[in-house]
Amino acid sequence: MPREAEPSLNEKQFVTQALQENLRLDGRQLDQYRPLEISFGDQYGVADVTLGKTRVLAKATAEVTVPYVDRPLDGIFTIATELSPMTSPAFEVNRPTETEVLLSRLLEKTVRRSGALDTESLCLVAGQKCWSVRVDVHVVSHDGGLTDAACVAVVGALRHFRKPDTSMEAGRLTVYTPAEREPVPLSWLHSPLCVTWSFFGDDGETAVLDATWLEEQVRVASCTVSLNKHGEICQIAKLGGTPVDAVALLQCTSVALVKVKEFSDLLDRRLAEDLKRRDKGGFMAELRAENDR
Amino acid sequence: MATGHPVVLPGETIDPSLIPSHPKNPLRLGPGLRHIPPTDIVPTVAGQLITNPIKNSMWIEYNSNRYIPSPNDLILAQILRSTTDFYLCTLSPHTAPATLPHLAFEGATKKTRPILQPGQLVYARVALANKHMDAELECVSSTTGKADGLGPLGTPTATSTAGGGCAFDISLGFARRLLMARSREEGGVGVLEMLAGEEGGGLAFETAVGRNGRVWVGSDSARTVVLVGRALQETDRGGLGLEGQRRLVKKLVREMR
C-alpha cells in the first residue's frame, strides 16, 4: 500500500531549529498566511479556495426532503468532507483517516453549531417538507492548512449558493425552476472562519500561523480558533499535544481576529465581484421573461 | 531545457536518421526507450529524444511525476527501517522500498558498519533496478571501494546548528538538469553557481541532488539552507531561464539579509 513518506530526521530537526531563529522554509513570517485566493464557479454554490499549494473545492446543493422527527421545524444541513487518494497516497476511498474525521468535525462545529445558517428558514411544511442543504468538501491538493482553507470554501459556497424559490398556495407547495423565478440565497447569519495555530519547541513556545504540511507533521501542538469578523468566538479546538500557556492562547485569538477580518473582507469582495459578473443588467435584461422578481 | 531535439510519443517509430551509428561502440539505450528484438527501438514515454553520437547512446528527456529507479542513478533515499542484512529505504511515496545492504558503505565490515536511524537521509547510487524487484542501492563504488561523496547526509555536529541540513522536493526533470555535467549550458540551470558566486555574495553550502526529485542542502547557517532551497524550488516551479534565475537570486539574497 502506498503511504505518505514521513519527513526525514534532517527535515524534522531543521524545521524546528529554523523556527527558533524565526525562519520558515518558504521565507514567510511566523504569523503570515500563504496567499489565499477564492473563486466561484459558473453554477451557484461552487467555491474553489487555494491557500498556497493547498486547494479545496466546496459545492453546496439543496433538495426537498422530510425533516427529522425530533426537529419538525428545522431544515437539514450537512457537511461532507472527502480526502481522496489524489490528495496524498495516505488517503483511501471510503476509509476516513483521522485527519478527515477531525476536519469534518471542526467544520461542523464551526459552521453548523455556531448557527451560521438559519436552519429554521429551511423548513417548508412543518414536519413534512424541508430543504436539505448539503455541502461537499473535496480536498484537491493538500499542503497543510486544510481546516482554514476548507472553512473559507464552505462559507464561500454557502454564501454563493441560491436555492430554488418556493411558494405555498392552499396547502400546495410549488418549487420553481430558475427560469420561472430567480433562485433565492440562503438565510445566512454570520460568517465564522477558522484560524489554526501550530506550536513548536519543547514547551510550544513558538506559535506559527498557517503551517505547511511539513510543518504540520513536525509541530508539537495545534489550536484551531473559529470566530467571525465581529470577534465572536464560535469554538476553540486544541486536541491533545503539548500544553500551551493560556496567555499565549489569548494572544493567538486576538491575532486570529485580524486574520479573520482580512479573510471576511476578501470573501465579501469576491462575492460582490461574482454578483457583478452575473448581473448582465441593461434594458434587454429587463425585457427578458426570466428577470429578477 | 535543451531545444531543437525532436519530441517523441510512446509507441512512435523513431526516424532511423536520428539513431546514432558508431563504427565500434554498441548502441546504448537510456531511460524511456525500449528495444524490441530484432531491430525496433520504441519510446515508452513522451519527451525529447536526446542522442549522443560520441558515446553512441540515446535516451528520452521527460518530466514525469513518478520516479522509477534505473541503474547508476544518484538518489536521495530515506531509511525506513533496518533488517538483519540491509536497510529498507523509501525513494518516493509511490515507489516500492529499495534495499541498501549494511555492507554497501565505504570500509564497512560486520563490526564497523554505520548505524542509521529510521528517517535518516542517505545519498546513494542505484546498483540494481530490475522490473519486478525492489531496487538495490549502494553507498560505495564497487570498483574502487571509495564512497565518492555517497553516504549518510548531514549528521548534526556539535559546532553547527544547521549541520543536518534539509531536503527539498523538486520535479524530476529539474533534478536531472541539475545533475548534468554541464548543467548551465545544457540544462539551463545556473542558480547554484550564482548563489555561490557574486550574485549570492559567496554563500557557503553543499548540495546533494537526488534523481528521485529531492535535493539536500547543507550549510552552517540555517538562513543559507532556506535561501538555497527556496531558490531551487522557485526556479523549478517558475521554469526560470538564466536571467530569471539571476534576478531571483538577487531578490532572495536581499530579502533574507
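Letters A, B, ... are given to chains in the order of the sequence lines, protein chains preceding strands, and every chain is numbered from 1. Quick note: numbers below take in every heavy atom, side chains included, and nothing from hydrogens, waters or symmetry partners. The structure displayed is predicted, hence computed values, not measured ones.
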Do you know which two heavy atoms are closest between [X] and [Y], and how far apart they sit?
X        : Y         : value
Glu6(A)  : Gln78(B)  : O-NE2, 2.8 Å
Lys53(A) : Arg237(B) : NZ-NH2, 4.1 Å
Ser8(A)  : Gly119(B) : CB-O, 3.0 Å

Atom [atom1] of residue position [X] - does it have more than 12 heavy atoms of other residues, nucleotides or ligands inside 6.0 Å?
X         : atom1 : result
Glu193(B) : CD    : yes
Glu255(B) : CD    : yes
Lys109(A) : NZ    : yes
Gln251(A) : CD    : no
Arg105(A) : CZ    : no

Original post:
Which residues in residues 22-29 of chain A have any heavy atom lying under 4.5 Å from a heavy atom of chain B?
Top reply: Leu23(A), Arg24(A), Leu25(A), Asp26(A), Gly27(A)
Any chance you could measure [X], atom [atom1], to [Y], atom [atom2], to the nearest 0.5 Å?
X         : Y         : atom1 : atom2 : answer
Phe14(A)  : Phe168(B) : CZ    : CZ    : 6.0 Å
Asp169(B) : Leu214(A) : CG    : CG    : 9.0 Å
Glu21(A)  : Ser221(B) : CD    : OG    : 7.5 Å

